[in-house]
Amino acid sequence: MSDTLLLILDLAGIAVFAATGALVGVRKELDLFGVMVLALITGLGGGVLRDVLIGAVPPAALDDWRYLVVPAATAVLVFYFHPTIGRMEKQIMVLDAIGLSLFCVTGAVKADDAGLNILAASVLGLLTGVGGGMMRDVAAGRVPVIFRGELYATPAFAGALMASVIAHENYASAWYGLAAAVCLVWRLAALARGWTAPIAPGADRG
Amino acid sequence: MSDTLLLILDLAGIAVFAATGALVGVRKELDLFGVMVLALITGLGGGVLRDVLIGAVPPAALDDWRYLVVPAATAVLVFYFHPTIGRMEKQIMVLDAIGLSLFCVTGAVKADDAGLNILAASVLGLLTGVGGGMMRDVAAGRVPVIFRGELYATPAFAGALMASVIAHENYASAWYGLAAAVCLVWRLAALARGWTAPIAPGADRG
Amino acid sequence: MSDTLLLILDLAGIAVFAATGALVGVRKELDLFGVMVLALITGLGGGVLRDVLIGAVPPAALDDWRYLVVPAATAVLVFYFHPTIGRMEKQIMVLDAIGLSLFCVTGAVKADDAGLNILAASVLGLLTGVGGGMMRDVAAGRVPVIFRGELYATPAFAGALMASVIAHENYASAWYGLAAAVCLVWRLAALARGWTAPIAPGADRG
């Protein structure tokens, strides 16, 4: 994938994740800086985790001012122009799905660039995708989306695995769009239709 | 300690910790991939934390495929063959004690290999032992075992301190068995008999 | 800033943060080692996070025995000599404010020394200040102070930004006192008077 495309997708993922963090912060009635901190943690958490794990420190988030300005500006926009609060949970889930699908792809690609094998790059793509949202939810005292029994980790891992293979085999960049789309469509369909994956035999849902 | 023995103990600790994470995930009625993510976090969290802190990145967990396959396979086994749910809490605690005693030893040894002093190596052994379980509990919205007022940190630090001294003085590998056994027996006895350590004067248990 | 002054301020911040962690641990009726672990996490968490992010591993906390002895000794002192439990919450908040103001300054200075730009150094100063307390609260199952809707992140960012500018422009060390004082006085005034910052329009406090 070209560096420019990777950067744009990364910043887009950061912006939508930051927006989910900012919305949670607005709903918790935090002040502007509190909203910004939650937006920064959510937008940058997954990528920073990935960068630390592949030894790319200081992480891009601290080395390139755009990585800080994008989530901060997103937080300000959400703070002042957020729509009425009522149906926010649904918007958070949709933005979260978009961020997830972008990050599982960019995370896997960066991990592959760092020389990790396909399995490790897929796991790191998954972690990049779920890391920021998990930090957001843990910090805000919510149960992380990934552990709510919805179909969440499976689409993310599917997207990350596809992206790892594409990166490893040097396929055309356009295929990354397919990887992200698979994750996004799968996750949104699960949200819309209340799909849940099979749970362990004997562990019946209450 | 020989590298092979260290690897085997490390993988054994990862497997039992992964099993505790998988059991928590099964009880929370997560799907297979959700269970895998919780198993990976629990099994690899402590070691990854240690590797990041001593600058050994990418951590072994991402560099060696066995570190990913062991917890993933453990998660699949637990998912499909877990026993009936009822008495799971007790099993989780026993597996957790085994993982704790293995990790406080291997963590301290790896920290000593990295050149840390005995005190720092002991603290890192303790963190390696409690890190994965703490991430599991925080991610799953449970109070971490270490902060439930049971005898938990003390046995782990005792084992880690013994292992640090053994590693620093280059004693025979067999002694590591004693360090792990002290931690395990102490922790299991505390579990079985409901031992609690002295709390601060004036902070009476309610 | 001279290295000696930086070290002293860093250790002072570690001591007061460790004391807040130890007080939370005493109130949760943990044993001595559990109290120590919570004190270590709280006292060292922010600085370790900073060191990992700027690639300074092993972090100072594991390289220099004073960084381990200071929070451990603080935990022992709090454990045995803590005052009566009743009004502890207030004391925790005041100590936390002192630690916050020291860490947002030292964190920003160390980040500037590592070559980060002013914006990144300010964010890292903020994270150093809020990181340990956030880990303490998350680990202990409390809502992090920073997300309770009080004026918390704003004073910390103000102090970190001032310190970043002072460090970047090589102003006299005495000015760091002003940066820390601005954060401390602002935070204490907010505590004493129940100040809250403006929240997002439309997100009325319930």
Side-chain angles (χ1 to χ4, degrees), chain B residues 48-57 59 111 114-127 129-131 133-135 137-158 160-161 186 190 195-206, chain C residues 21-41 43-45 47-49 51-53 55-69 71-72 75-86 88 134-142 144:
Chain B
V48 166
L49 182 63
R50 174 203 59 217
D51 287 350
V52 166
L53 291 179
I54 60 177
V57 286
L116 298 191
N117 62 52
I118 288 185
L119 180 60
S122 305
V123 169
L124 217 45
L126 172 64
L127 278 184
V130 305
M134 199 182 290
M135 292 181 201
D137 291 337
V138 166
R142 298 151 42 108
V143 178
V145 178
I146 196 172
F147 297 130
R148 285 187 207 152
E150 300 165 11
L151 212 58
Y152 192 87
T154 313
F157 187 78
L161 180 60
W186 195 350
W195 284 346
T196 53
I199 62 170
D204 288 344
R205 294 183 201 277
Chain C
L23 283 170
V24 170
V26 165
R27 231 183 22 177
K28 287 202 153 251
E29 300 179 356
L30 302 181
D31 61 43
L32 179 56
F33 270 87
V35 168
M36 272 190 183
V37 171
L38 203 49
L40 284 170
I41 290 175
L44 304 177
V48 166
L49 183 63
D51 287 350
V52 166
L53 291 179
V57 286
L62 291 172
D63 210 35
D64 179 337
W65 59 272
R66 289 170 292 196
Y67 279 79
L68 287 173
V69 168
V76 172
L77 285 176
V78 169
F79 190 80
Y80 287 110
F81 301 108
H82 74 89
T84 49
I85 310 288
M88 205 164 278
M134 199 182 291
M135 293 180 202
R136 172 198 65 210
D137 290 338
V138 166
R142 298 151 42 107

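To find a chain, count down the sequence lines: A is the first, B the second, and so on, and within it residues start at 1.
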Looking at every non-hydrogen atom in both residues, tell me the closest pair between [X] and [Y] and how far apart they are.
X	Y	answer
B:Tyr152	C:Asp31	N-OD2, 4.5 Å
B:Ile146	C:Leu30	O-CD2, 4.2 Å
C:Val37	B:Ala153	CG2-CB, 4.0 Å
C:Val57	B:Leu53	CB-O, 3.9 Å

inquiry  = Using 0.5 Å steps for rounding, measure from the CG atom of B:Asn117 to the CG atom of C:Asp64.
reply    =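 It is 9.0 Å, given to the nearest 0.5 Å.
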* To the nearest 0.5 Å, what is the distance between CG (B:Leu116) and CG (C:Asp63)? ->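 It comes to 7.5 Å.
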For this session: Please list all pairs passing the salt bridge (Lys or Arg N to Asp or Glu O under 4.0 Å) test where one or both residues lie in residues 116-126 of chain B, with sequence neighbours left out.
Result: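 Qualifying pairs, neighbours excluded: none.
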Chain B heavy atoms under 4.5 Å from C:Val48: which part of the residue, side chain, backbone, both or neither?
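C:Val48 touches chain B through side-chain heavy atoms alone.
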Original post:
At a heavy-atom separation under 4.5 Å, does C:Ile41 approach chain B through its side chain, its backbone, both, or neither?
Top reply: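 Answer is side chain: those atoms of C:Ile41 sit under 4.5 Å from chain B.
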Considering only heavy atoms, which portion of [X] lies under 4.5 Å from any heavy atom of chain C: side chain, backbone, both, or neither?
X	value
B:Val52	both
B:Leu151	both
B:Phe157	side chain

Q: Under the side chain to side chain contact (heavy atoms under 4.5 Å, CB included) rule, collect the residues that match up with C:Leu32, sequence neighbours excluded.
A: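 Side chain to side chain contact (heavy atoms under 4.5 Å, CB included) list for C:Leu32, sorted by chain: C:Val76, C:Phe79, C:Tyr80.
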- Message: In the structure I gave you, are the side-chain heavy atoms of C:Val69 and B:Leu119 within less than 4.5 Å of one another anywhere?
- Response: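 Answer yes - side chains close enough.
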